[in-house]
Amino acid sequence: MSKTFNWGIIGLGRIAHKFASDLAQTPGAKLTAVASRDMDRSVEFGRQYGASHCYGSYEDIIQCPELDAVYIATPNNLHKENTLFCLSHHIPVLCEKPFSLNITEARQMVQEAQTQQTFLMEAFWTRFLPNTQKMLQLIADNQIGAVLGVKADFGFKPPFDPAGRLFNPELGGGALLDIGVYPLFLATLVLGMPVEVTAKAYLGSTGVDEDTAIILRHTNGALSHLHTTIRMGTKSEAFIYGETGTIHIHTRFHEITSMSLLREGQRPEFFQFENQVHGYTYEAQEVMRCLALGLKESPALSLEFTLSRMELLDEIRRQIGLRYPSEL
């Protein structure tokens with residue numbers, strides 16, 4: 001009988017609830033430890049999801065005697081601190097996106113993982129979803145010919161809360177780092193890193209970007225047209241344009257969703273995927289698979305790819321004039 005894989009979670013907000021819910025449906029996985037700065041919250045979260053070890057500080061999670069990996073779901077500004085702490089105690093880490101606030105922090109995190117010879121992966125769950133796998137397979141099978149462009153948007157209008165994570169610069173807020181990472185991820189996954197970047201944004205009253213438009217030019221001349229916003233709702237869909245066809249990933253493209261293959265002169269092909277979970281099961285399974293093989297990073301989501309995208313995010317923020325207080 002295979003050993004149960006014991007997960008811990010640091011930071012018990014909305015995404016942590018989704019991750020914990022999916023872990024309950026992940027074969028071989030068990031939520032064992034949870035950590036919050038609020039002990040009551042930790043105990044309630046643990047009760048809800050069956051975690052036997054509940055801690056009232058992030059650091060205390062290392063007291064758990066049976067921990068195989070930790071998922072970090074704290075606010076953006078704490079990702080580096082929490083990751084470095086776990087890695088320094090040789091605890092494998094799955095760190096929520098954005099991986100860090102900037103490339104300097106990201107390099108420190110990767111360096112620590114390499115120094116400690118401990119597994120580290122960015123929690124970019126979209127990479128492992130069945131619709132993403134199908135999209136990549138269609139491209140590899142030349143179903144749309146050479147890819148000439150990507151168009152993707154992600155937008156919603158939340159209630160304005162200047163102290164909340166979306167609008168507070170102290171917490172690494174703004175549309176770009178919260179949801180703009182998804183269109184950027186898709187474009188760079190399909191077309192690679194760009195050779196030229198152009199970005200424009202509207203910065204709101206708190207100083208973070210609330211509406212950002214990005215154009216990437218890639219090595220083969222392909223263009224990516226990307227939009228992210230917390231000023232308005234958008235359809236949040238994606239198109240992969242090829243010489244002979246188009247892949248349309250339906251709303252919301254970063255989640256488990258449906259997809260169409262459109263080719264001139266042919267009837268559209270429609271693909272539907274099981275969505276009995278939120279989608280975090282797949283990234284958890286990737287971490288478990290990699291650790292079972294003794295790997296220190298995921299071949300499907302390399303640390304080099306993560307660092308390259310952090311550099312891209314830094315360049316976009318430079319162009320739109322967004323700096324966080326910790327960077328000043």
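In this structure, I214 and T198 have side chains that are not in contact, with every pair of non-hydrogen atoms separated by 4.5 Å or more. Considering only heavy atoms from C-beta on, Y324 stays 4.5 Å or farther from N77 through its side chain. Side-chain contact check for I230 versus F167: some heavy-atom pair is nearer than 4.5 Å. A heavy-atom distance below 4.5 Å is not found between the side chains of V287 and E283. With contacts defined as side-chain heavy-atom distances shorter than 4.5 Å, the pair Y280/I15 qualifies. Within the 4.5 Å cutoff, the side chain of L216 has heavy atoms near those of the L184 side chain. A 4.5 Å side-chain heavy-atom check between L291 and F5 finds at least one atom pair inside the cut-off. Taking 4.5 Å as the limit, some side-chain heavy atom of L12 sits within range of a side-chain heavy atom of S42.
Between the side chains of E297 and S302, no donor N or O sits under 3.5 Å from an acceptor N or O. No side-chain donor-acceptor contact under 3.5 Å links H53 and T32. The closest side-chain donor-acceptor pair between H225 and D153, if any, does not fall under 3.5 angstrom. Side-chain atoms of E315 and Q319 include a donor-acceptor pair closer than 3.5 Å. Under 3.5 Å, the side chains of E237 and T251 contain no donor-acceptor pair of N or O atoms. Side-chain contact of E327 with N102: a donor-acceptor pair under 3.5 Å is present, judged by distance alone. Of the N and O atoms on the side chains of Y55 and Q63, not one donor lies less than 3.5 Å from an acceptor on the other residue. For the 3.5 Å distance criterion, the side chains of T115 and Q111 qualify, holding a donor opposite an acceptor.
Centroid-to-centroid, the aromatic rings of F85 and Y58 stay 6.0 Å apart or farther. Proximity of the aromatic rings of F154 and H227 is defined here by a centroid distance below 6.0 angstrom, and this criterion is not met. Annotation: W125 is not in aromatic contact with F19 [ring centroid separation under 6.0 Å not met]. Outside the 6.0 Å centre-distance limit, the rings of F99 and H79 are not counted as a close aromatic pair.
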Could you walk me through whether D209 and R317 pass the salt bridge (charged side-chain N to carboxylate O under 4.0 Å, His left out) test, one step at a time?
CA-CA 9 Å; D209 71 300; R317 287 200 298 118; over 6 Å; no
Salt bridge (charged side-chain N to carboxylate O under 4.0 Å, His left out) evaluation trace for E44 with R41
CA-CA 5 Å; E44 173 57 27; R41 188 178 199 180; over 6 Å; no
When you look at T104 and Q108, which way does the side-chain hydrogen bond (donor to acceptor under 3.5 Å, both in side chains) test go after all the steps?
CA-CA 6 Å; T104 301; Q108 289 178 302; over 6 Å; no
Could you please spell out the steps behind the ring pair (Phe, Tyr, Trp, His ring centres under 6.0 Å) verdict for F124 and Y182?
CA-CA 9 Å; F124 223 110; Y182 288 108; 5.3 Å; yes
Please determine whether side chain to side chain contact (heavy atoms under 4.5 Å, CB included) holds for the pair M259 and K134, giving the CA-CA distance in whole Å, both sets of side-chain angles, and the decisive distance to 0.1 Å.
CA-CA 9 Å; M259 187 167 63; K134 184 63 177 180; 3.4 Å; yes
Just do the side-chain hydrogen bond (donor to acceptor under 3.5 Å, both in side chains) check on T257 and N131 with the steps written out, would you?
CA-CA 7 Å; T257 186; N131 39 299; over 6 Å; no
After noting the C-alpha distance and the side-chain angles of M135 and L189, does the key distance pass the side chain to side chain contact (heavy atoms under 4.5 Å, CB included) rule?
CA-CA 11 Å; M135 174 203 71; L189 178 66; 4.2 Å; yes
Trace of the side chain to side chain contact (heavy atoms under 4.5 Å, CB included) decision for I240 with T246:
CA-CA 6 Å; I240 317 296; T246 298; 5.9 Å; no
List the steps and the verdict of side chain to side chain contact (heavy atoms under 4.5 Å, CB included) for R263 and E269.
CA-CA 9 Å; R263 290 171 292 187; E269 286 189 56; 2.3 Å; yes
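A continuous path of hydrophobic side-chain contacts links F160 to L166 [ILVMFWY only; heavy atoms under 4.5 Å]. Following chains of ILVMFWY side-chain contacts shorter than 4.5 Å, one can reach I179 starting from F253, so the two form part of one hydrophobic cluster. L138 and Y241 are not part of a single hydrophobic cluster, where members link through side-chain heavy atoms under 4.5 Å apart. Linking Ile, Leu, Val, Met, Phe, Trp and Tyr whenever their side-chain heavy atoms come within less than 4.5 Å leaves V43 and I9 in two separate clusters. Linking Ile, Leu, Val, Met, Phe, Trp and Tyr residues whenever their side-chain heavy atoms come within less than 4.5 Å places I72 and L307 in a single cluster.
Taking CD of Q117 as the start and CG of L87 as the end, the distance is 11.5 Å to the nearest 0.5 Å. For the atom pair CD (E122) and SG (C95), the distance works out to 8.0 Å, reported to the nearest 0.5 Å. Taking CZ of R37 as the reference point, atom OG1 of T74 lies at 8.0 Å (rounded to 0.5 Å). The line from CD1 of I320 to CG of L203 is 6.0 Å long, rounded to the nearest 0.5 Å. Between atom CG of residue L176 and atom CG of residue D211 there is a gap of 11.5 Å, rounded to the nearest 0.5 Å. Annotation: the span from Y49 atom OH to D22 atom CG amounts to 9.5 Å, rounded to 0.5 Å.
Pairing each heavy atom of P299 with each of E286, the nearest pair is CD-OE2, 4.1 Å. The two residues C290 and S298 come nearest to each other via the heavy atoms SG-CA, 3.7 Å. Scanning both residues, L129 and G279, for their nearest heavy atoms gives CD2-O, 3.4 Å. The two residues T234 and G155 make their nearest non-hydrogen contact at OG1-N, 2.9 Å. Residues L171 and R165 share a closest heavy-atom pair of CD1-CA, 3.7 Å.
A cation-pi arrangement, defined by a distance under 6.0 Å to the six-membered ring centre and an angle within 45 degrees of its axis, is present between R309 and F305. By the 6.0 Å and 45° rule, R127 does not stack over the aromatic ring of F185. Under the 6.0 Å distance and 45° angle rule, K151 counts as a cation-pi partner of F239.
D141 places no side-chain N or O within 3.5 Å of a backbone atom of Q143 that could act as its donor or acceptor partner. The main-chain N or O of E210 is found under 3.5 Å from a side-chain atom of T229 such that the two form a donor-acceptor pair. Remark: the backbone N or O of F128 is not paired with any side-chain donor or acceptor of T132 at under 3.5 angstrom.
Within 6.0 Å of atom CD in Q266, more than 12 heavy atoms from other residues, nucleotides or ligands are found, so the atom counts as buried in its surroundings.
With respect to E311 and R107, a salt bridge is recorded, a charged nitrogen being found less than 4.0 Å from a carboxylate O.
A ring pair (Phe, Tyr, Trp, His ring centres under 6.0 Å) with H250 is found for one member of F273, F271, F270 and no other, namely F270. Of the candidates T118, L84, V93, E112 forms a side chain to side chain contact (heavy atoms under 4.5 Å, CB included) with just one, namely L84.
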